[in-house]
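Sharing a structure, written as structure tokens. Questions coming.
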Amino acid sequence: MLRVAVVGSGPSGVYAAQTLVQQGEVPGVRVDVLDRLPAPYGLVRYGVAPDHEKIKSLTGNLRSVLEDDRIRFLGNVEVGGESLSTARLLELYHAVVYCVGAARDRTLGIPGEELAGVHSATAFVSWYSGHPDATPFDLAGVRSAVVIGAGNVAVDVTRILARGAPELEPTDMPHAALGVLAASELREVSMVARRGPSQGRFTTKELRELGTLPGVGIGVLAAEAALDPAYADPGAAAALPAVARRNLEVIRGWAQAEPGDAGEAERRITLRFHLRPVEVLGGPEGRVRAVRFERTAPDGRGGVSGTGTYEDIEAQLVLRSVGYLGVPLPGLPFDASRGTVPHAAGRVLRDGRTSPGEYVAGWIKRGPTGVIGTNRPCAKETVSSLLQDAGALAARGGPAGDPLDALRAAGLRPVEWPGWLAIESAEERLGHSLGRRSVKIPDWAGLRDAAGLA
Ligand code: NAP
């Protein structure tokens, strides 16, 4: 028997577990999928926006993998903490695949970023997704917000800020977060990109959705968008990748000559381009009052350069959405410049040499890019490496007994699959009691209680 631990139960971890048992090359493979949280599914549960039900429904596929007889979910198990080091984990299993994602956000590195009212998009996403480590948001007094960045996360947070409560109510958003968003007096969200409309990192479906929100107007300043040569010149646009061409088409459809014309809309989204953030400006109480941007111009090589002209956009809430960053796991090597674990085809490298039995997949392997499906081939490459090494791994000598006993002996209290199902049922009951569908339990005590650990 080959015992493998997969650390992280998001898409990359689940796909790694699935590939391990489905390759069939090692008949006796058994996989434990460990997660720090009592609940599985990683960013599908705690990152995919609650109003994106179709992507959320992917949990159905992930669930059937975790219910496979050869796979065991063990939540509430932190690896790299006091009770369970990475070295100890490797004693308990023949191999360990780290699929721990990229838990931190990138910062802007500009003055004023620490002011009250400036947050990372990841903190905002964690809050409305009911992550038990999230800090509550207070939107009192917020009438305009600035979102910095032009990726799909920026689109997600812009959309959630602009959406009305009736559309969020049917989701599984925690009740407190729903209440805060419902009471919000936010009227204007500016999503600001430092480059042009053809260089946004968003996908077209997500971008287009911003123009379909009930009661929400959308606008783009035509003159600003036209700073991007591909916006105005069909010849330049023709040379672009298909997604950029489609994005341009959508953005052209929203162009307007003057700012601020949102008709009858209750709220308004404005996409801004060619503006890079240089400073967050504070008011008298140390809260953000505006963001200062420098106008940029294309540098002819795909980048932009500053023009020395500035514009302040008023905001009482600023969300920076400029990408995720991997976090070092104690005991594992880490490339701080890339925010990833060094590897060769998924095999962890220590000082340039393969570390026997240790593997990586997902964002901690390749960086925080790609959609959920990108994790499939990524996990497959890693598992192929692992299975090629299976003979040598088995020869290392097997773990003595069931690793679960060792985890318990170390003082850990794993949440097994029935514990997770109990959380799911408790969330359904909570939703029912609130007149909603299933509603997330957003705190550690509530999750552990529901799992029967109290
Ligand atoms: P991302 O796609 O890498 O986008 C980051 C954005 O931040 C880019 O527009 C980038 O601009 C900008 N940026 C970086 N540094 C900046 C700075 N100092 N000042 C101003 N702007 C800056 O990251 P993400 O949005 O966090 O998404 C992460 C991954 O998750 C992506 O692969 C995304 O597609 C995926 N995702 C998918 C979905 C979905 O499919 N619905 C939803 C959420 C996330 P430049 O291009 O100029 O560098």
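Counting convention: from 1, in listed order, for ligands and their atoms alike. Just so it is clear, the model here is predicted, and its values are computed rather than measured.
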| Is it true that atom CD of E206 has more than 12 heavy atoms of other residues, nucleotides or ligands lying nearer than 6.0 Å? | yes
| said: I'd like to check which ligand 1 atoms, numbered from 1 as shown, lie under 4.0 Å from a non-hydrogen atom of L108. | reply: 17 (C), 18 (N), 19 (N)
| field | Polar contact flag for Q199 and ligand 1 (N/O pairs, less than 3.5 Å) | value |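 N/O-N/O distance under 3.5 Å: no.
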| Working for side chain to side chain contact (heavy atoms under 4.5 Å, CB included), residues V291 and D312 | CA-CA 5 Å; V291 185; D312 296 348; over 6 Å; no
| Does D299 CG have over 12 foreign heavy atoms under 6.0 Å away? |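 Counting other residues, nucleotides and ligands, CG of D299 exceeds 12 neighbours.
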| Atoms of ligand 1, numbered as shown, that sit under 4.0 Å from any heavy atom of R195 |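 Within the 4.0 Å cut-off of R195, ligand 1 contributes 45 (P), 46 (O), 47 (O).
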| message | Show me which atoms of ligand 1 lie under 4.0 Å from any heavy atom of G370. | response |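 Reading through ligand 1 atom by atom, the close ones are 32 (O), 35 (C).
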| request: Run the contact test for F293 against ligand 1 with a 4.0 Å cut-off on heavy atoms, strictly below, and give the result. | output: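 Per 4.0 Å heavy-atom rule, F293 does not contact ligand 1.
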| query | If you measure every N/O of V371 against every N/O of ligand 1, is any gap under 3.5 Å? | reply | no
| For Y324, atoms of ligand 1 separated by under 4.0 Å from a heavy atom |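 Matching atoms, with element in brackets: 26 (O).
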| Does the side chain of S355 come under 3.5 Å of the side chain of R350 through a donor N or O and an acceptor N or O? | yes
Donor-acceptor contacts under 3.5 Å from residues 277-287 side chains, at least two apart:
unit_1, atom_1, unit_2, atom_2, d
R287, NH2, Q316, O, 3.3

| task | Can you tell me which residue pairs pass the side-chain hydrogen bond (donor to acceptor under 3.5 Å, both in side chains) test with a partner in residues 216-244, sequence neighbours excluded? | result | S198-D228, E224-R272, E224-R295
| field | Numbered atoms of ligand 1 (with element) below 4.0 Å of V153, judged on heavy atoms | value |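 The atoms of ligand 1 under 4.0 Å from a heavy atom of V153 are 24 (P), 25 (O), 26 (O), 27 (O), 43 (C), 44 (C).
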| request: Mark up the atoms of ligand 1 that fall under 4.0 Å of a heavy atom belonging to S321, in ascending order. | output: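 By the 4.0 Å cutoff, the relevant atoms are 6 (C), 7 (O).
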| task | For atom 10 (C) of ligand 1, decide whether some protein heavy-atom distance is shorter than 4.0 Å. | result |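 Given the 4.0 Å cut-off, atom 10 (C) of ligand 1 does not count as touching protein heavy atoms.
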| request: Quickly, which of K365, R366, R347, R376 forms a salt bridge (charged side-chain N to carboxylate O under 4.0 Å, His left out) with E381? Name it, please. | output: K365
| field | For atom 22 (C) of ligand 1, the protein heavy atom that lies nearest, with its residue and separation | value | V322 CG1, 3.3 Å
| Can you list the ligand 1 atoms lying under 4.0 Å from a non-hydrogen atom of P368? | 28 (C), 29 (C)
| Note: E427-K440 ion pair, threshold 4.0 Å (strictly below) |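 K440 and E427: not salt-bridged.
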| field | Candidate with minimal heavy-atom separation from atom 15 (N) of ligand 1, of R194, R106, R320 | value | R194
| query | To the nearest 0.1 Å, how far is atom 4 (O) of ligand 1 from its closest protein heavy atom, and which atom is that? | reply | G151 CA, 3.6 Å
| said: Between V146 and L317, does the side chain to side chain contact (heavy atoms under 4.5 Å, CB included) criterion hold? Intermediate values first, please. | reply: CA-CA 6 Å; V146 161; L317 173 72; over 6 Å; no
| request: May I ask you to check whether H52 and E209 show a side-chain donor-acceptor distance below 3.5 Å? | output: yes
| field | Closest protein heavy atom (residue, atom, distance) for atom 41 (N) of ligand 1 | value |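 In this structure, atom 41 (N) of ligand 1 has E206 OE2, 3.1 Å as its nearest protein heavy atom.
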| task | Give the residue, atom name and distance (to 0.1 Å) of the protein heavy atom nearest atom 30 (O) of ligand 1. | result | W363 CZ2, 3.6 Å
| request: Please confirm whether D156 comes within less than 3.5 Å of ligand 1 when only nitrogen or oxygen atoms on both sides are compared. | output: no
| message | Tell me whether K56 at atom NZ has more than 12 heavy atoms from other residues, nucleotides or ligands lying less than 6.0 Å away. | response |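 For K56, atom NZ is crowded (more than 12 foreign heavy atoms under 6.0 Å).
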| message | Between E424 and R429, does any side-chain N to carboxylate O distance fall below 4.0 Å? | response |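 No, E424 and R429 are not salt-bridged.
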| task | Tell me which protein heavy atom sits closest to atom 34 (O) of ligand 1, plus the residue, atom name and distance to 0.1 Å. | result | N152 ND2, 3.1 Å
| Which one of R276, R201, K54 has a non-hydrogen atom at the shortest distance from atom 3 (O) of ligand 1? | R201
| task | Check whether more than 12 heavy atoms from other residues, nucleotides or ligands sit under 6.0 Å from atom CD of E185, and answer yes or no. | result | no
| query | Can you find an N/O atom of I148 closer than 3.5 Å to an N/O atom of ligand 1? | reply |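 No: no nitrogen or oxygen of I148 is under 3.5 Å from one in ligand 1.
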| field | Atom indices of ligand 1 within 4.0 angstrom of G323 heavy atoms, with elements | value | 23 (O), 26 (O)
